[in-house]
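Nothing fancy with the numbering, it's 1 onward along the sequence.
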Amino acid sequence: MTEHHRIPSHCAARRLAALVLCGTILSPAFAPPLVHADEATAADGTIRKQQTNGEQRQKRQRQEKRKKSASPLEEIVVLGARVPQPLRRAPSAISVIDQDWIAARGVTQVSLLLRDVPGVEVSRTGPFGSQTQVRIRGSEGNHTLVLLDGIEMNDPVSGFELDFADLMTSGISRIEVLRGPQSALYGSEALGGVIDILTRLPQAPRDFALNAEGGSFGTFRIDGFAGLAGERTRAGLSAAFFRTDGVSASPSGPEKDGYRNAMVNGKLVSRPSERLEVGLVARYVDARSEFDRQDFFSGLVLDANNVRRFTGFYGRGYARLSLLGGRWTHLVAADFTDTDTDNFANGDFSGSFSGGRQKLTWQTSLRFETGPAQQRLTAALEYEHFDFRAKGPSPDSPQNQKQNDRQVSLVGEYHADLGERLDIGLGVRHDDNRTFRNDTTWRTAASWSVSEAIILHASYGTGNADPTFFERFGFFPGSFVGNPEVRPERGRGFDAGLRIAPTEGFYLDVTGFRSTLKNEIATVFDFATFTSTVENRQGKSKRRGVEVSLSWWPLFDLRLLGSYTYLKAREADGAIEVRRPTHIASLGGSWFFAGGRGDANLDIGYHGRQRDFDFSAFPAPRVPLSAYWLASAALRYRLAGPLWLTARVENLFDSRYQDVLGFNTPGIGVFGGLTARY
């Protein structure tokens with residue numbers, strides 16, 4: 001096994017600063033409530049009365065917040081069906097990251113939050129801005145469908161896969177993760193699961209926030225939110241700018257790989273009448289990342305002056321009509337995605353890829369009763385058009401091309417609530433694709449409430465993943481040639497689990513799963529042409545495991561969230577799948593202190609041993625990557641009025657680790673800032 005080079009250790013002063021900040025973050029959890037400075041001039045009795053009234057008001061607010069987060073069975077979730085439903089009724093394994101946890105963690109990238117979700121594995125090829133893949137239950141990155149307020153974000157350019165490097169947490173209020181094959185409800189990219197992201201709307205008539213932060217690696221972030229809410233209309237605008245000098249992606253190189261990201265997100269929801277709701281969503285991202293190259297012959301990651309420029313626009317307009325007292329609903333939506341990626345080497349343009357997706361949706365859902373059974377029928381018709389464009393450095397470059405595809409899909413879903421204990425669901429989808437053979441996928445699921453505190457759930461589904469444009473037509477002179485004959489991947493999966501919620505402050509879910517994949521698309525090397533291409537593997541790859549999710553309020557002001565995943569993933573020939581650790585675990589806690597004036601968060605994650613390809617040899621063997629721990633700590637404290645102090649430490653243990661063999665990752669980082677909320 002090759003010994004990896006590591007970046008130099010941080011200086012002792014930096015470590016000391018991190019430890020001091022960590023102590024600062026954790027110690028306020030045990031401090032007594034403080035009196036506001038403007039209250040100190042009043043009489044002693046008045047101070048105590050005002051403080052008591054304020055504490056009682058904050059206590060009631062925390063009680064409501066705790067009740068909401070401590071009783072997830074009563075939460076309304078969007079995933080698991082094509083219409084909202086209580087989590088109690090959801091027979092699939094779903095995890096929710098709420099706005100309170102997003103704010104308490106204080107991290108900048110969504111991928112860092114997803115590390116806390118069972119069944120989810122995150123791989124990043126280096127520092128901030130490096131390619132970041134998210135896999136669910138051992139599936140491929142392009143088997144995870146990502147929705148932003150209903151918009152499919154999966155990039156037609158990068159293999160119908162979302163690069164999570166460019167997805168910031170700014171303006172996001174909630175994340176739901178649905179695990180297991182969901183193609184019957186959501187289509188091709190949902191073979192492994194679905195991640196649904198909701199953006200922020202104002203919670204008061206006037207809702208404003210501004211945050212500025214800076215720290216290690218030359219990092220600076222500023223983001224803000226402005227929202228207005230009336231009786232029938234709510235509108236919110238989020239904007240953010242993030243930049244960092246970063247560290248070198250090459251473990252042996254001194255050249256830093258920086259990253260910047262600018263984002264604007266707007267959302268409008270209006271109800272012109274009691275029956276009609278209309279909405280608009282638009283998001284624009286402009287990102288620039290520097291990256292190093294991996295040498296073809298040695299497999300080593302070497303310093304290089306490479307730059308990637310990404311721009312993406314995501315938009316949606318919809319109208320929802322409710323009839324028969326809300327029992328019959330109709331939805332019409334138009335979605336639009338457009339992305340462009342330009343690459344530069346040593347300042348010279350080396351090529352670009354751009355693509356788009358246009359989608360039209362009509363959906364209707366009818367609720368009705370037959371005796372004690374509450375039932376719902378849902379039907380949907382979807383039309384999608386995709387386009388792909390590649391451009392080389394010159395007008396006559398061989399990689400210059402334009403491709404497109406279209407698909408019409410018909411979706412049907414039935415759900416029945418049979419009394420107060422049993423829920424069943426059945427979904428089916430038929431895809432009529434212009435290029436590939438038509439395909440039908442289906443899914444069935446059920447949940448049974450043994451008691452108020454114990455719920456059993458199970459689901460079984462089939463899925464598909466169409467070959468990407470790049471797999472079919474992609475071309476890099478002298479290195480990669482696409483295969484237009486490659487066939488879609490097919491999969492199926494089963495899971496069964498147990499939810500336990502004996503008290504309001506305790507929630508536990510344990511789910512076992514098993515899935516198979518055939519026609520898996522893999523990269524192969526052609527010795528005749530000395531180039532690589534893709535082909536379908538023979539046989540079936542298999543994945544199985546167990547997921548554990550925990551939410552617990554052991555004390556009134558202490559919230560704990562935990563997760564654990566056991567995964568065994570093997571290819572058709574029995575080889576262990578790369579970048580799929582057997583064990584992943586996390587435990588995080590938030591402590592609300594000083595009568596609600598602040599909170600401290602500590603999050604610790606374990607990423608078990610995994611395997612990756614070592615390209616220093618040919619053919620590349622699978623070699624082990626060491627397990628590692630990642631921890632972060634964060635503090636928020638209200639100084640006065642609307643002004644809050646924020647501080648956090650990333651990679652608290654200064655772990656030296658690699659998600660992908662040969663690519664360096666940042667060490668300990670210390671950050672601080674101020675937030676104003678009105």
Side-chain angles (χ1 to χ4, degrees), residues 64-90 92-120 134 136 144-153 162 164 167-179 182 186 193-204 207 209 211 223 225 227 229 234-238 240 263 265-269 277 279-283 314 316 318 320 507 509 549 551 559 561 563 586 588 590 599 601 603 677:
E64 291 300 320
K65 182 182 293 185
R66 176 189 173 185
K67 184 176 181 180
K68 181 179 179 181
S69 59
S71 306
L73 293 181
E74 305 306 325
E75 279 193 288
I76 300 298
V77 295
V78 177
L79 295 180
R82 291 185 65 99
V83 294
Q85 62 177 343
L87 180 57
R88 175 182 291 276
R89 305 297 186 189
S92 299
I94 301 178
S95 296
V96 177
I97 305 174
D98 58 33
Q99 187 170 0
D100 292 331
W101 191 254
I102 295 172
R105 287 292 312 276
V107 296
T108 57
Q109 290 187 310
V110 170
S111 60
L112 298 178
L113 293 172
L114 293 175
R115 288 181 181 268
D116 296 335
V117 178
V120 175
V134 171
I136 299 179
T144 300
L145 176 64
V146 183
L147 303 174
L148 178 82
D149 290 321
I151 308 167
E152 296 187 16
M153 298 188 72
L162 178 68
F164 279 81
L167 186 56
M168 301 288 109
T169 56
S170 301
I172 291 176
S173 63
R174 181 181 174 93
I175 302 172
E176 298 179 7
V177 181
L178 173 63
R179 302 182 291 277
Q182 309 297 329
Y186 296 102
V194 182
I195 298 175
D196 186 36
I197 300 169
L198 302 180
T199 57
R200 187 174 171 183
L201 278 172
Q203 302 300 312
D207 192 352
N211 173 65
D223 58 63
F225 174 80
R234 290 195 296 167
L237 178 67
S238 302
M263 181 279 298
N265 190 100
K267 187 175 183 179
L268 170 71
V269 176
E277 176 183 299
L280 291 172
V281 181
R283 186 181 187 90
Y314 312 89
R316 181 177 222 225
Y318 74 89
R320 181 180 289 109
Y507 169 81
D509 187 287
S549 179
S551 175
R559 180 188 186 187
L561 294 180
S563 70
S586 71
S590 285
D599 61 75
N601 179 275
D603 189 85
R677 294 185 291 189

Counterpart residues, salt bridge (charged side-chain N to carboxylate O under 4.0 Å, His left out), relative to Arg115 (two or more places apart): Asp659
Test side-chain hydrogen bond (donor to acceptor under 3.5 Å, both in side chains) applied to [X] - qualifying residues, sequence neighbours left out:
| X | value |
| --- | --- |
| Tyr314 | none |
| Ser95 | Arg179 |
| Ser238 | none |
| Arg316 | Asp335 |

Looking at Asp100, Asp98, Asp603, which one forms a salt bridge (Lys or Arg N to Asp or Glu O under 4.0 Å) with Arg559? Asp98
Spacing of [atom1] belonging to [X] relative to [atom2] belonging to [Y], to within rounding of 0.5 Å:
| X | Y | atom1 | atom2 | result |
| --- | --- | --- | --- | --- |
| Phe164 | Ile195 | CZ | CD1 | 4.0 Å |
| Arg174 | Asp196 | CZ | CG | 9.0 Å |
| Phe225 | Asn265 | CZ | CG | 9.5 Å |
| Leu162 | Thr144 | CG | OG1 | 9.5 Å |
| Lys267 | Leu201 | NZ | CG | 4.5 Å |
| Ser173 | Asp149 | OG | CG | 7.5 Å |

[X]: which residues meet the side-chain contact (heavy atoms from CB on, under 4.5 Å) condition with it, sequence neighbours left out?
| X | result |
| --- | --- |
| Ala229 | Pro202, Arg234 |
| Ala235 | Leu268 |
| Ser586 | Asp116, Ser563 |
| Leu113 | Ile97, Ile102, Arg105, Val107, Thr169, Ile175 |

What one should report as the nearest heavy-atom pair of Gly266 and Leu237 is CA-CD1, 4.2 Å
If every non-hydrogen atom of Ile172 is compared with every non-hydrogen atom of Val110, which pair is closest and at what distance? CD1-CG2, 3.6 Å
Do we see a donor-acceptor contact under 3.5 Å between the side chains of Asp599 and Ser590? no
Do Arg283 and Val281 have side chains that approach each other closer than 4.5 Å (heavy atoms only, starting at C-beta)? no
Any heavy-atom pair between the side chains of Met153 and Leu167 that's under 4.5 Å? yes
